[in-house]
Amino acid sequence: MILNSRLILALDVLSRDRALHLATALKDRVDYVKVGYPLILAAGLDIVGEIARIAPVIADLKIADIPNTNTLICEEVLDSGAAGIIAHAFVGRDSLSACVEAAREAGGLVFAVTEMSHPGAEELMGPAAERLARMAADCGVDGVVAPATRPERISLVRSIVGERAIISPGVGVQGGSPSAALKAGADSLIVGRSITESPNPAASADAILREIR
Ligand code: NUP
């Protein structure tokens, strides 16, 4: 995994042109560009390959299906040029292992979601997060997604996943602080709207980078 700037751009915009413009403007400031359903549904799967020619892409499809379907989804998006994928851990060991196998075949990275950053995640995911993190580590994922909105949960996940990467969304608009998340043990921050909706995205990214350093 690339850990230079420790910043991952969440590119949740709906226009291909805007996406390519932002990726080009910010590519030297971020390690990866994360694309998910909003952009892929709006612009088509080809956007993954187009952005991958600018910066490495993590496809945030939060893959959560039976093993065979997970394999097909992973193969499709990794073939399109993604360097990494995000999958849900809660679906179970067999489903997550299918993602890990598909990623290994393609030379890509897999990150498993253990607990999400929004308030509703405390209801069902929070109580299961430790077990999910343990299972994800057993499955051989490259990293996990843990919430910057709850730094104490990042520390807990760190104690379970050891050296595996922790990537953390929830900074800025969702209320999380970059420095608190990193201090708690996150390796990289995933940041979207604080940068993409800023009147000056590069300056906003630079402000976060200063806090990271
Ligand atoms: O738990 C998660 N929380 C979260 O916000 C897991 C995620 N993958 N995300 C994603 O991170 C979310 O879908 C969005 O793409 C990004 C955060 O964006 P923002 O709140 O910084 O705009």
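Indexing begins at 1, ligand by ligand and atom by atom, following the structure's order. Residues: numbered from 1 along the sequence shown.
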Exercise. Who are the salt bridge (Lys or Arg N to Asp or Glu O under 4.0 Å) partners of Arg104, not counting sequence neighbours?
Worked result: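 So Arg104 forms a salt bridge (Lys or Arg N to Asp or Glu O under 4.0 Å) with Asp142.
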Exercise. With sequence neighbours excluded, what pairs up with Glu122 under the salt bridge (Lys or Arg N to Asp or Glu O under 4.0 Å) test?
Worked result: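 In terms of salt bridge (Lys or Arg N to Asp or Glu O under 4.0 Å), with neighbours along the sequence ignored, Glu122 is linked to Arg150.
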For this session: Please tell me if the side chains of Ile166 and Arg158 come closer than 4.5 Å, counting only heavy atoms from C-beta onward.
Result: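 Yes, their side chains come closer than 4.5 Å.
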For this session: Please examine the side chains of Ile167 and Lys34, heavy atoms only from C-beta on, and report whether any two atoms are closer than 4.5 Å.
Result: no
For this session: Mark yes when over 12 heavy atoms from residues, nucleotides or ligands other than Asp94 sit less than 6.0 Å from its CG; otherwise mark no.
Result: yes
Donor-acceptor pairs under 3.5 angstrom involving side-chain atoms of residues 13-20: please list them, not counting sequence neighbours.
| from | atom 1 | to | atom 2 | distance (Å) |
| --- | --- | --- | --- | --- |
| Ser15 | OG | Asp17 | N | 3.3 |
| Ser15 | OG | Arg18 | N | 2.9 |
| Arg16 | NE | Glu50 | OE1 | 3.0 |
| Arg16 | NE | Glu50 | OE2 | 3.1 |
| Arg16 | NH2 | Glu50 | OE2 | 2.6 |
| Arg18 | NH2 | Thr196 | O | 3.3 |

Could you list each nitrogen or oxygen of ligand 1 that sits under 3.5 Å from a protein nitrogen or oxygen, with the atom names and the distance?
| from | atom 1 | to | atom 2 | distance (Å) |
| --- | --- | --- | --- | --- |
| ligand 1 | 1 (O) | Ser117 | N | 2.8 |
| ligand 1 | 3 (N) | Ser117 | OG | 2.6 |
| ligand 1 | 5 (O) | Ser117 | OG | 3.4 |
| ligand 1 | 5 (O) | Gln174 | NE2 | 2.9 |
| ligand 1 | 8 (N) | Asp60 | OD2 | 2.8 |
| ligand 1 | 8 (N) | Lys62 | NZ | 3.1 |
| ligand 1 | 15 (O) | Asp12 | OD2 | 2.5 |
| ligand 1 | 15 (O) | Lys34 | NZ | 2.7 |
| ligand 1 | 20 (O) | Gln174 | NE2 | 2.8 |
| ligand 1 | 20 (O) | Arg193 | NH2 | 2.8 |
| ligand 1 | 21 (O) | Gly192 | N | 2.8 |
| ligand 1 | 22 (O) | Arg193 | N | 2.7 |
| ligand 1 | 22 (O) | Arg193 | NE | 2.7 |

